[in-house]
Engineer: 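One structure is given below, represented as structure tokens, and several questions about it will come after.
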Amino acid sequence: MNAPVVDLEDLHFRWPGQAGDCLDIASLRVAAGEHLFLAGPSGSGKSTLLALLGGVALPDAGRLRILGRETARLPAAARDAFRVDHIGFLFQQFNLIPWLPLLDNVLLPCRFSARRRQRALAQAPTLAAEAARLLDHLDLAPALWRQPAARLSVGQQQRAAAARALIGRPELVIADEPTSALDAERQQRFIDLLLGECAAAGATLIFVSHDTRLAAHFPRQLTLDGINRANREPEGRDGRAGT
Amino acid sequence: MTHLPALALRSAWNRRYTLALTLFAIALACALLLGIERLRGDARASFAQAVSGTDLVVGARGSPLQLMLHAVFRLGEPGGEMPWASARAVAALPDVAWTIPLALGDSHRGFPVVGTTGDYFTHFRYGSGEALRLAAGASFAGLFDAVLGADVAERLGYRVGERIVLSHGSGHIEGLAHDDKPFTVTGILARTGTPVDRSVHVGLEAIAAIHLEWQGGAPMPGVRIPAEFVRKFDLAPKTVSALLVGLKQRGAVFAVQRQIAGMPGEPLTGVLPGVALDELWQLTAVAENALLLVSACVVAVGLAGLAAVILAGLEQRRRELAILRSVGARPRDIFLLLAGESLAVTLAGALAGIVLHAGLRLVLSPWLQAQYGIGTAPLSTTLALAPGEWRLLAGVLAAGGLASLLPGYRAYRLSLADGLTPRI
């Protein structure tokens with residue numbers, strides 16, 4: 001269990017048709033249970049890093065290990081299964097399927113992953129009970145659970161999305177600007193809730209945001225510009241900043 | 001992945017209005033396709049019903065199809081006449097059970113007049129062996145009596161006792177009127193769903209009587225024979241248009257046909273109704289196929305609309321697909337989700353088409369019956385599909401399957417390109 005949850009080494013990636021690398025990371029290790037704030041303005045290669053971590057894009061060179069697994073070596077379907085088995089995702093907004101009731105949105109990972117299902121059932125007698133427990137922890141009243149997601153406020157939707165990312169205890173939670181649609185006070189509350197739940201579930205959290213004011217909540221902070229060599233001025237290299 | 005259909009269903013429910021409209025378009029197209037196929041079958045069945053009890057149609061030598069159409073269906077141009085003596089000779093053949101002489105050529109307000117004998121009402125069979133039945137009144141007894149088909153009575157509002165005047169010539173262009181010798185309606189036949197419904201039946205002698213002073217298709221100038229004097233003349237028919245023949249045993253039909261062809265005197269033709277009808281269907285096949293082609297195009301338009309609607313909605317669903325990808329949906333699942341939706345709409349559209357078709361038939365069948373004499377079946381048999389119709393529907397579903405590949409493939413590509421962050 002002392003293998004890092006995320007382990008990048010000399011990672012290169014460029015989108016097809018682009019001249020230079022979009023990502024060029026010498027090294028990034030995130031240990032189990034760690035809560036990392038990764039600062040990255042738009043255009044710093046943030047989405048690309050998320051795509052690589054999620055296994056929907058593959059590195060051109062270098063090492064990318066999640067939980068000790070070289071995901072790039074897995075067949076595509078196994079990568080999709082690995083993603084849902086071990087990673088919970090939180091996006092900027094529009095995190096939920098609008099026509100699906102809140103509770104069903106939260107249960108989506110359990111529908112696609114037997115592992116998440118089993119781990120959820122280890123926490124509560126039924127899947128719905130586990131979803132309810134998380135929603136309750138995230139301050140969502142039971143009256144909302146049967147509502148289609150589109151009827152909820154953005155703040156409520158983001159909290160439900162956090163419940164979805166956490167259900168079935170994935171080892172890694174990746175949050176991509178989850179607070180950008182919230183006002184300052186709600187951002188604060190949301191991050192506190194998220195950190196608390198991740199800590200309770202023992203999940204590693206990578207929180208990506210352009211808003212450096214949020215960094216103070218996290219024990220470890222990095223900037224993507226700091227680790228991504230592709231974004232730097234050429235300095236004799238042929239690289240050019242990607243998007 | 002048993003949760004995918006449930007997810008697809010809920011997603012489709014979310015877009016139910018557009019999908020319902022698309023489904024309706026496909027249902028209409030399928031109903032049209034079925035309707036045309038069924039109408040063709042019904043038209044054929046209806047023609048076959050009208051001659052189901054007749055083994056041979058005999059007339060002057062000429063086109064068998066023309067003889068059939070004119071004698072049985074009162075359509076098209078008359079062929080030559082056959083001498084009455086020949087008709088007697090055919091009736092006297094040992095294998096012949098009965099004959100019904102038909103003298104055509106006059107009309108009443110567009111409805112054909114059939115000169116015949118009482119044998120018509122005793123021997124004529126249609127459908128599955130049904131005999132003609134009088135709905136009102138009695139068969140003709142007097143010289144100037146007439147028995148009307150159901151449609152004639154209904155459309156012209158005639159009752160028993162009505163006095164009617166026949167016109168020379170057939171069809172809708174009124175010829176010269178036989179107005180000096182009016183007829184009395186003595187009976188009205190029950191509906192048969194055959195050309196009998198559209199006919200005015202009178203005695204062979206009456207046909208002779210109204211043409212006594214006629215020669216070469218026109219009245220002789222200056223000659224007038226009042227109705228009360230015609231009985232003094234010889235009213236035995238000189239010619240008839242055709243003879244419907246029933247045999248003692250159907251198996252003898254080819255032998256009798258040969259005997260008729262070889263009879264001395266005027267050359268005659270004996271036509272097997274089924275063979276002549278086959279000839280007719282070969283002629284109409286081109287038009288039928290053209291109609292089927294048109295309705296197949298309508299189906300194609302409906303399916304293209306379906307693909308377009310789902311493709312258009314796809315742009316708005318890119319986030320939905322990205323979310324599904326993030327929770328482990330494979331690109332293959334995304335493909336199945338979208339393709340399955342299109343296919344399900346096609347399937348539901350086809351089923352709705354069957355029901356819609358049955359409903360339309362139910363509403364339209366009285367009109368079809370009255371207008372074209374096309375008999376229609378009850379609802380239970382309307383809903384049951386013939387093998388040909390199953391093939392058509394299978395074709396629709398296959399085309400729908402092909403059309404549904406399009407949104408499926410597009411969603412597959414999008415979900416691969418977008419990954420977890422749709423670029424909108």
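Chain letters run A, B, ... following the sequence lines, proteins first, then strands; residues in each count from 1. Here the structure is a predicted model, which is why all the values come from computation and not from measurement. Quick note: numbers below take in every heavy atom, side chains included, and nothing from hydrogens, waters or symmetry partners.
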Engineer: Which residues pass the side chain to side chain donor-acceptor pair (under 3.5 Å) test with A/Q123, not counting sequence neighbours?
Structural biologist: A/R169
Engineer: Less than 4.5 Å to any heavy atom of chain B: does that hold for the side chain of A/R79, its backbone, both, or neither?
Structural biologist: neither
Engineer: What part of B/R317 gets closer than 4.5 Å to chain A, counting heavy atoms only: side chain, backbone, both or neither?
Structural biologist: neither
Engineer: Do B/R10 and A/P101 touch side chain to side chain, with heavy atoms closer than 4.5 Å?
Structural biologist: yes
Engineer: Begin with the C-alpha distance, continue with both residues' side-chain angles, and end with the deciding distance and a verdict on side chain to side chain contact (heavy atoms under 4.5 Å, CB included) for A/W99 and B/E320.
Structural biologist: CA-CA 10 Å; A/W99 39 265; B/E320 189 180 316; 3.0 Å; yes
Engineer: What's the separation between atom CG in B/D333 and atom CG in A/D80, rounded to the nearest 0.5 Å?
Structural biologist: 8.0 Å
Engineer: What part of B/S415 is in contact with chain A, defined as an atom under 4.5 angstrom from a non-hydrogen atom: side chain, backbone, both or neither?
Structural biologist: neither
Engineer: Testing the basics here: between B/I323 and A/N95, what is the closest heavy-atom pair and its distance to 0.1 Å?
Structural biologist: CD1-O, 3.2 Å
Engineer: Taking all non-hydrogen atoms of both residues into account, name the closest pair between A/P109 and B/V327 and its distance.
Structural biologist: CG-CG1, 3.9 Å
Engineer: Would you say CZ of A/R146 has more than 12 non-hydrogen atoms from neighbouring residues, nucleotides or ligands within 6.0 angstrom?
Structural biologist: no
Engineer: Could you list the donor-acceptor pairs under 3.5 angstrom formed by side chains in residues 402-412 of chain B, with sequence neighbours left out?
Structural biologist:
{"residue": "B/S404", "atom": "OG", "partner": "B/G400", "partner atom": "O", "Å": "3.3"}
{"residue": "B/S404", "atom": "OG", "partner": "B/G401", "partner atom": "O", "Å": "2.7"}
{"residue": "B/R410", "atom": "NH2", "partner": "B/E315", "partner atom": "OE2", "Å": "3.4"}

Engineer: Looking at B/R330 and A/A77, what are the two nearest heavy atoms and their distance?
Structural biologist: CD-CB, 3.7 Å
Engineer: Does atom CZ of A/R69 have more than 12 heavy-atom neighbours from other groups under 6.0 Å away?
Structural biologist: no
Engineer: Is it the side chain or the backbone of A/L100 that comes within 4.5 Å of chain B heavy atoms, both, or neither?
Structural biologist: side chain
Engineer: Quick one: do B/L7 and A/D104 satisfy side chain to side chain contact (heavy atoms under 4.5 Å, CB included)? Show the steps, please.
Structural biologist: CA-CA 10 Å; B/L7 213 57; A/D104 293 293; over 6 Å; no
Engineer: Restricting to non-hydrogen atoms, name the atom on B/S326 and the atom on A/F89 that form the minimum distance, rounded to 0.1 Å.
Structural biologist: O-CD1, 3.9 Å
Engineer: Would you say CZ of A/R63 has more than 12 non-hydrogen atoms from neighbouring residues, nucleotides or ligands within 6.0 angstrom?
Structural biologist: yes
